[in-house]
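Comments concern the structure below.
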Amino acid sequence: MKDKSIAIIGGGNLGAAIAEGIQSSGLILPENICVTRRKKDKLNYLNEKGIRIDDDNQRATKQADLILLAVKPKQIRAILEELNPVLQEKQILISVVTGVSLNNMASIVGNKISLFRAMPNTAVAIRESMTCIATKNASTAEQEMVVSIFNTLGKAVIIEESLMAASTVLGACGIAYAMRFIRAASQGGIEIGFNAEIAQLIAAQTVRGAASLLLERGQHPEREIDKV
């Protein structure tokens with residue numbers, strides 16, 4: 001992967017976080033990562049890490065093996081129409097834009113390149129995301145490549161696109177449910193005598209420990225419950 005190059009179209013919070021995750025993992029060399037934004041001076045901190053920045057989407061796309069779209073949903077059609085003339089068959093196009101299906105993308109760029117749709121969650125900011133990925137026209141090798149990229153940001157799996165809405169509920173919205181549990185447990189801790197800071201630490205670390213047990217041991221939650 002080190003010899004591959006990626007253009008991240010959209011240097012907002014999500015696009016920048018993805019760029020930093022890839023850079024810190026060493027999966028792709030920093031000089032082979034390019035992030036675009038109109039006001040590219042806002043990305044100078046990425047440039048200091050060796051990541052290239054640009055304000056020209058077409059130029060960045062021409063030079064990349066993989067193109068990742070991290071723009072707002074209302075911008076996606078205009079961006080795809082802008083990029084379509086310079087897209088090449090050997091390239092891979094990935095979207096992390098909410099609500100944009102593979103068929104939506106194909107209706108603009110056609111089926112000449114491999115298409116991916118990825119749904120990270122907000123933990124991507126600390127590289128602990130659960131990312132679900134759907135694909136169209138992609139080979140096994142291309143799928144493995146894209147999964148490896150999102151594995152630098154947490155964990156990633158390939159799913160059927162028909163399950164993408166469900167994955168949003170389970171993986172993306174699931175963070176909010178976990179946060180609500182931590183908030184409720186913290187409040188309970190306060191009521192039995194802990195101060196707010198320690199109560200939240202105990203609740204949050206307990207949830208982290210529970211998740212780590214399942215991820216590292218691969219056992220059913222009920223087995224760990226029985227041990228308790």
Quick check on [X]: does its [atom1] atom have over 12 non-hydrogen neighbours (other residues, nucleotides or ligands) under 6.0 Å away?
X	atom1	answer
Glu160	CD	no
Tyr45	OH	yes
Lys155	NZ	no

Do any N or O atoms from the side chain of [X] and from the backbone of [Y] form a donor-acceptor pair under 3.5 angstrom?
X	Y	value
Asp65	Gln91	no
Gln58	Glu82	yes
Asn121	Gly171	yes

Give, for atom [atom1] of [X] and atom [atom2] of [Y], the distance between the pair rounded to the nearest 0.5 Å.
X	Y	atom1	atom2	answer
Thr152	Ile22	OG1	CD1	5.0 Å
Lys4	Met145	NZ	CE	4.5 Å
Ile175	Leu170	CD1	CG	11.0 Å
Met119	Ser129	CE	OG	10.0 Å
Ser114	Asn137	OG	CG	6.5 Å
Thr61	Gln88	OG1	CD	10.0 Å

Under 3.5 Å, is there a donor-acceptor pair linking the side chains of [X] and [Y]?
X	Y	result
Lys62	Asn57	no
Asn104	Ser101	yes
Thr36	Asp54	no
Thr135	Gln143	no

Co-members of Val109 in a cluster of I, L, V, M, F, W and Y side chains, linked at under 4.5 Å: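 Answer for Val109: Ile9, Ile67, Leu69, Val71, Ile76, Ile79, Leu80, Leu83, Leu87, Leu93, Val97, Val100, Leu102, Met105, Ile108, Ile113, Leu115.
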Arg117 and Glu161 ion-paired at < 4.0 Å: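 Yes, Arg117 and Glu161 are salt-bridged.
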Side chain to side chain, Gln200 and Phe194, heavy atoms closer than 4.5 Å: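 They are not in side-chain contact.
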